[in-house]
Amino acid sequence: MDTKRITVTSPLLPNLEEFHTLLQEIWDSKWITNNGSFHKQLEKELATYLKVPFISLFTNGTLPLITALQALHITGEVITTPYSFVATTHSLWWNGIKPVFVDVDLATGNIDPEKIEAAITPRTTAIMPVHVYGTPCDTRRIQKIADKYGLKVVYDAAHAFGVDIKGKSILTEGEMSTLSFHATKVYNTIEGGALVMHDEQTKKHIDYLKNFGFAGETEVVAPGINSKMDEMRAAYGLLNLRQVDAAIESRRQVALQYRETLRDVLGIRFMDDISGVRHNYAYFPIFVDEKLYGMTRDELYFKMKEQGVLGRRYFYPLISTFTTYRGLKSACPENLPNAHKLADSVICLPMHHELSREDVERILNLIVK
Ligand SMILES: *Cc1c(COP(=O)(O)O)cnc(C)c1O
């Protein structure tokens with residue numbers, strides 16, 4: 001029996017010798033953090049690669065969420081999705097904001113714009129959607145609702161690195177968008193993240209906020225935080241940026257191979273590419289219909305695990321079921337039937353740039369009966 005473990009993800013790592021060369025430069029300069037030259041260069045190159053006007057680097061993908069809410073002075077209630085990584089909702093909580101959960105669309109897993117208006121109250125100030133698995137939200141309809149009620153939109157775009165619609169980045173939607181460069185993401189700086197904004201003034205303010213609010217040697221303009229990316233991670237990020245397109249192409253090949261076989265498996269649903277969208281293949285979720293498939297999601301999940309194939313149940317359990325949030329009125333399961341349906345049926349199959357055709361075949365053989 002093949003016992004090699006196949007993990008759900010594998011980090012994209014730069015060439016060690018190339019990284020060493022850049023580290024030597026950092027050692028020579030003795031400038032190791034605080035907007036150093038690699039930090040500046042990575043911001044410049046990322047803005048170009050992502051086709052966004054302005055970007056500010058962070059130490060992770062959670063602090064840009066918290067900082068965006070601070071910068072926009074968002075208070076009261078914010079409409080968001082329970083079908084995400086827990087950091088989305090935590091960022092609201094850390095700002096003293098009450099999350100209001102709205103159900104998701106079964107096809108995409110993204111917040112259902114149809115259900116947003118009914119959740120708006122006089123205390124609502126913003127909407128925080130997530131481009132789940134990198135699939136673009138219905139940004140046009142969300143913006144229309146936001147404009148009608150005077151709400152801000154902040155996108156958690158942690159999954160959406162490099163995702164375009166007809167050549168236009170989805171990171172320019174809403175007031176701001178956040179990215180995560182965590183090790184498990186399509187593009188990583190080990191730990192890291194960023195905030196994307198529309199204008200120079202906002203970038204300047206965000207740059208102050210991530211550095212305690214310092215606008216100069218002695219001037220503090222706002223109660224900021226410390227979330228600056230250091231020079232080692234910026235250098236690492238520059239090297240990874242050069243190979244991320246190749247990594248996305250490898251992921252695409254894996255997705256094609258999965259789809260080719262799974263299309264014929266009764267009771268297994270997956271997501272197809274959307275025409276006009278440049279996908280990043282960050283995840284490959286499948287949804288198990290236990291009646292049609294003849295096995296529950298967990299039975300399949302643990303069967304795969306026993307054979308050394310480590311999928312992940314993203315996103316299970318739902319954020320709305322965690323202790324902090326389950327007391328909220330909007331967290332009751334009757335309000336979120338689609339989100340529960342997805343959470344109870346999903347397995348994200350292994351998806352990364354190093355999976356071979358044989359690896360994928362081995363995974364598929366466990367699913368095809
Ligand atoms: C990964 C992730 C985050 C948090 O990013 P970190 O870099 O781990 O702090 C936030 N939101 C979503 C949807 C994520 O997947």
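Order of appearance sets the numbers: ligands from 1, and atoms from 1 within every ligand. Quick note: residue numbers are just sequence positions, from 1.
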### Steps toward side chain to side chain donor-acceptor pair (under 3.5 Å) verdict (Gln253, Gln257)
CA-CA 6 Å; Gln253 294 300 329; Gln257 197 184 343; over 6 Å; no
Would you mind listing which atoms of ligand 1 come within a distance below 4.0 Å of any non-hydrogen atom of [X]?
X	answer
Asp156	10 (C), 11 (N), 12 (C), 13 (C)
Gly192	7 (O)
His182	7 (O), 8 (O)

For [atom], what's the nearest protein heavy atom and its distance?
atom	result
atom 12 (C) of ligand 1	Ala158 CB, 3.4 Å
atom 5 (O) of ligand 1	Ser180 OG, 3.2 Å
atom 3 (C) of ligand 1	Phe85 CD2, 3.7 Å
atom 15 (O) of ligand 1	His159 NE2, 2.8 Å

### Task
Quick one: sort the Tyr236 and Phe19 rings into parallel, tilted or perpendicular, breaks at 30° and 60°.
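Tyr236 vs Phe19 ring planes: perpendicular.
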### Query
What part of Thr62 sits under 4.0 Å from ligand 1 if we count only heavy atoms: the side chain, the backbone, both or neither?
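Answer for Thr62: both.
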### Query
Is it true that the NZ or CZ of Arg233 lies under 6.0 Å from the centre of Phe181's six-membered ring and within 45 degrees of the ring axis?
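Geometry flag: not set, cation outside 6.0 Å or 45°.
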Quick check against the 3.5 Å criterion: does [X] have a side-chain atom that pairs as donor or acceptor with the backbone of [Y]?
X	Y	answer
Trp94	Gly96	no
Asp156	Leu65	no
Asn280	His159	yes

### Query
Considering only heavy atoms, which of Lys185, Glu191, His90 lies nearest to atom 2 (C) of ligand 1?
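When every heavy atom of Lys185, Glu191, His90 is considered, Lys185 comes closest to atom 2 (C) of ligand 1.
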### Query
Relative to atom 13 (C) of ligand 1, which among Ser84, Gly61, Ala157, Pro64 owns the nearest non-hydrogen atom?
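Closest candidate by heavy-atom distance is Ser84.
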### Task
For Gly193 and ligand 1, answer yes if some heavy atom of the residue is under 4.0 Å from a ligand atom, otherwise no.
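The answer is no, since Gly193 has no heavy atom less than 4.0 Å from ligand 1.
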### Task
Report yes or no: does a heavy atom of Ser91 sit under 4.0 Å from some atom of ligand 1?
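Judged by the 4.0 Å heavy-atom criterion, Ser91 does not count as contacting ligand 1.
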### Query
Does Phe315 have its ring centroid less than 6.0 Å away from the ring centroid of Tyr283?
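Ring centroids of Phe315 and Tyr283 are no less than 6.0 Å from each other.
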### Task
For residues Tyr325 and His90, establish whether the separation of their ring centroids is below 6.0 Å.
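Yes, ring centres under 6.0 Å apart.
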